[in-house]
Structures are given as structure tokens and as C-alpha cells.
Engineer: 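Here it is, the structure in full.
Residue numbers start at 1 and run along the sequence shown.
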Amino acid sequence: VQLQASGGGLVQAGDSLRISCAASGLTFSQSDMAWFRQRPGKEREFVARIRWSGGSPYYANSVKGRFTLSRDNVKQTMYLQMNSLKPEDTAVYYCAADTPPRTIFSNFHSPTGYDYWGQGTLVTVSS
């Protein structure tokens with residue numbers, strides 16, 4: 001299984017950026033997917049999760065209303081559109097797969113609820 005995150009970069013506060021996660025080696029259309037991030041000196045934290053069907057995106061409160069999660073099961077790719085970026089969004093963003101989906105809601109926020117991880121893409125937001 002490979003999860004290849006891409007699209008990170010350096011932007012200014014208030015800007016937008018879209019990052020992607022291309023998956024291979026798994027049945028993407030039957031996998032729930034998620035983004036986590038790790039800010040400097042912090043533990044990895046949950047950002048958003050999307051069901052295998054593309055429905056019911058679920059967001060951390062810190063990004064709700066600013067980030068939009070989507071997926072294309074034909075392209076086997078997940079996207080995170082990030083708007084109104086803030087300096088505190090600076091982090092390495094990791095994509096993760098829960099496949100087959102079995103993580104219960106109460107464990108969505110925990111890295112232990114995911115089977116596979118990508119290598120991460122760095123997003124830096126300057127003030």
C-alpha cells in the first residue's frame with residue numbers, strides 16, 4: 001500500500017492551498033480516508049475524515065468551515081482544500097487509510113484507528 005501526499009508549500013495567511021493523497025495497493029473505493037497533521041513540537045492531530053462513498057466528511061473544530069475534504073474514487077485520490085489559512089495551520093500533513101473501514105466514531109481522532117500512512121507534505125503559512 002502506498003499513500004502519496006503532495007501539494008504542500010509556502011503560502012501567506014489568508015491564502016488557499018489544495019493538497020492531495022494518491023493511493024495505490026488498496027481498494028480505495030472501500031476505504032475510509034483521513035488527514036492528520038503534526039505541527040512543530042506537537043503530537044499528530046486529526047484534521048478530517050471522509051467515508052469510502054465520499055459522504056459525511058467530518059472535520060476537527062479547528063478547521064471546520066475553512067477546509068473541505070473530497071475524494072475521487074476513479075482517480076484513487078483524496079483532496080483537502082484549505083482556505084483562509086492561518087499560521088497555526090503550519091504542519092506536516094499526513095494522509096491515512098482505514099481499510100476496510102472499522103474504526104468507530106469515538107476513535108476517528110486517534111492515529112491508532114488507521115492502517116496505512118503516507119509520508120506527509122509540508123504546509124507552511126507565513127503571517
Engineer: Taking only residues two or more places apart in sequence, or in another chain, which ones meet W52 in a ring-ring contact (aromatic ring centres under 6.0 Å, His included)?
Structural biologist: none

Engineer: If you look only at distance, which donor and acceptor atoms sit under 3.5 Å apart when one is on a side chain in residues 1-22 and the other is two or more places apart or in another chain?
Structural biologist:
{"from": "D15", "atom 1": "OD2", "to": "Q12", "atom 2": "N", "distance (Å)": "3.1"}
{"from": "S16", "atom 1": "OG", "to": "N83", "atom 2": "OD1", "distance (Å)": "2.9"}

Engineer: Tell me whether the NZ or CZ atom of R71 lies within the 45° cone about the ring axis of F28 and under 6.0 Å from its centre.
Structural biologist: yes

Engineer: Please walk me through it: do Y58 and F46 pass ring pair (Phe, Tyr, Trp, His ring centres under 6.0 Å)?
Structural biologist: CA-CA 10 Å; Y58 174 70; F46 173 82; 5.6 Å; yes

Engineer: Identify the heavy atoms of D115 and T99 that sit nearest to each other, and give their distance.
Structural biologist: OD2-N, 2.9 Å

Engineer: Which residues pass the salt bridge (charged side-chain N to carboxylate O under 4.0 Å, His left out) test with D98, not counting sequence neighbours?
Structural biologist: R49

Engineer: With sequence neighbours excluded, tell me which residues meet side chain to side chain donor-acceptor pair (under 3.5 Å) with T90.
Structural biologist: none

Engineer: Once side chain to side chain donor-acceptor pair (under 3.5 Å) is applied, do any residues pair with R39, and if so which ones, sequence neighbours excluded?
Structural biologist: E45

Engineer: Determine yes or no for a side-chain-to-main-chain donor-acceptor pair under 3.5 angstrom, with R102 supplying the side chain and P100 the backbone.
Structural biologist: yes

Engineer: Between CD of Q76 and CE of M33, what distance do you get to the nearest 0.5 Å?
Structural biologist: 10.0 Å

Engineer: Rounded to the nearest 0.5 Å, how far apart are OG of S53 and CG of D32?
Structural biologist: 8.0 Å

Engineer: Hydrophobic clusters join Ile, Leu, Val, Met, Phe, Trp and Tyr when side-chain heavy atoms are under 4.5 Å apart, directly or via other members; which others share one with V74?
Structural biologist: none

